[in-house]
Amino acid sequence: INAEYMGLIFSGYTENRVPVFSFRPHLHFKTESMVLVTDLSRLKHSNIDMASLKFLAEVFRDYYPETLALALAVDAPWIFNAVWNLLKGWLDPVTVSKVRFIKKSEIGKHVPVSAVKFN
């Protein structure tokens, strides 16, 4: 796995399953808004970490208010309904209104398909 966002790279785990990230500041850029596209098609119960999701929700709420232009949850399985019901309680109602649940075939209605990279 090699995912990069504005210079932040996730490259794997330690032997104790601690995520390893590195930051390349020369690739970082400031942005006032972003679209978050999340591929949920292979989400399983074992992948869900509510403490981490709550932490991320609080970070975005407290430090990056109004940065989210749109969030696309792609091919969410039934199990995500329960997660979403908890998660949206930690988010501002304005942020919740920016979340769309879509099928992969609908991505092009919201963002250029070429801008989305799912592995």
Side-chain angles (χ1 to χ4, degrees):
I1 298 172
N2 185 6
E4 184 170 343
Y5 172 67
M6 297 191 320
L8 184 64
I9 301 168
F10 166 74
S11 56
Y13 297 92
T14 68
E15 61 275 358
N16 297 329
R17 302 292 299 156
V18 176
V20 176
F21 293 88
S22 61
F23 184 61
R24 301 189 313 175
H26 66 282
L27 296 176
H28 180 76
F29 59 90
K30 186 173 180 168
T31 183
E32 302 227 352
S33 65
M34 69 174 187
V35 175
L36 177 63
V37 182
T38 306
D39 178 5
L40 296 171
S41 64
R42 294 181 277 179
L43 182 72
K44 297 178 184 164
H45 187 268
S46 61
N47 302 120
I48 300 169
D49 179 352
M50 292 307 293
S52 293
L53 287 173
K54 183 177 183 185
F55 171 76
L56 288 171
E58 290 170 349
V59 166
F60 275 96
R61 181 194 66 211
D62 297 343
Y63 298 101
Y64 300 98
E66 300 305 316
T67 300
L68 185 67
L70 178 65
L72 301 175
V74 181
D75 292 336
W78 66 270
I79 190 140
F80 193 74
N81 289 331
V83 173
W84 176 241
N85 283 329
L86 287 171
L87 188 58
K88 68 183 178 182
W90 300 324
L91 299 171
D92 184 279
V94 173
T95 302
V96 172
S97 73
K98 297 175 184 180
V99 177
R100 306 284 183 278
F101 290 87
I102 66 169
K103 296 188 181 311
K104 189 173 185 178
S105 61
E106 299 172 312
I107 290 174
K109 294 178 183 176
H110 303 277
V111 297
V113 173
S114 62
V116 178
K117 295 178 174 78
F118 289 153
N119 292 331

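Quick note: residue numbers are just sequence positions, from 1. The shown structure was predicted, so the numbers you read here are calculated from the model rather than taken from an experiment.
- Minimum interatomic distance between Leu53 and Leu87 (heavy atoms only, all atoms of both residues): O-CD1, 4.0 Å.
- Tracing side-chain contacts under 4.5 Å through hydrophobic residues (I, L, V, M, F, W, Y), one never reaches Val99 starting from Leu72; they form parts of separate clusters.
- Met50 and Val83 get closest at one heavy-atom pair: SD-CG1, 4.1 Å.
- A donor-acceptor contact shorter than 3.5 Å is absent between the side chain of Thr38 and the backbone of Leu40.
- Under the 4.5 angstrom side-chain criterion for Ile, Leu, Val, Met, Phe, Trp and Tyr, Val94 has no cluster partners at all.
- For the side-chain contact (heavy atoms from CB on, under 4.5 Å) with Leu36, the qualifying choice from Thr67, Leu68, Leu70 is Leu68, the only one to do so.
- Residues His110 and Ile102 are in side-chain contact: their nearest non-hydrogen atoms beyond the backbone lie under 4.5 Å apart.
- Checked against side-chain hydrogen bond (donor to acceptor under 3.5 Å, both in side chains), Lys104 has no partners two or more places apart in sequence or in another chain.
- For Ser97, there are no side-chain hydrogen bond (donor to acceptor under 3.5 Å, both in side chains) partners at least two apart in sequence or on another chain.
- There is a path of hydrophobic side-chain contacts, each under 4.5 Å, that joins Leu86 to Trp84.
- Hydrophobic clustering (ILVMFWY, side-chain heavy atoms < 4.5 Å, transitive): Val35 and Ile107 are in one cluster.
- Scanning for side-chain hydrogen bond (donor to acceptor under 3.5 Å, both in side chains) contacts around Glu58 gives an empty result, with sequence neighbours left out.
- With sequence neighbours left out, the side-chain hydrogen bond (donor to acceptor under 3.5 Å, both in side chains) criterion links Ser41 to Asp39.
- For the atom pair Arg100 CZ and Lys98 NZ, the distance stands at 10.0 Å (nearest 0.5 Å).
- Counting only heavy atoms from C-beta outward, the side chains of Ile48 and Ile79 approach each other to under 4.5 Å.
- Remark: side-chain polar atoms of Asn85 are not paired, donor with acceptor, to backbone N or O of Ala82 under 3.5 angstrom.
- Taking the six-membered ring for Trp and thresholds of 30 and 60 degrees, Phe101 and Phe80 have ring planes inclined between 30 and 60 degrees apart.
- Here Lys88 pairs with nothing under the salt bridge (Lys or Arg N to Asp or Glu O under 4.0 Å) rule; sequence neighbours left out.
- When all heavy atoms are compared, the tightest approach of Leu43 to Pro77 is O-CG, 3.8 Å.
- Trp90 is not listed as a side-chain neighbour of Thr95, based on a closest heavy-atom distance of 4.5 Å or more.
- For Asp75 against Lys103, the heavy-atom pair with the smallest separation is OD1-CA, 3.3 Å.
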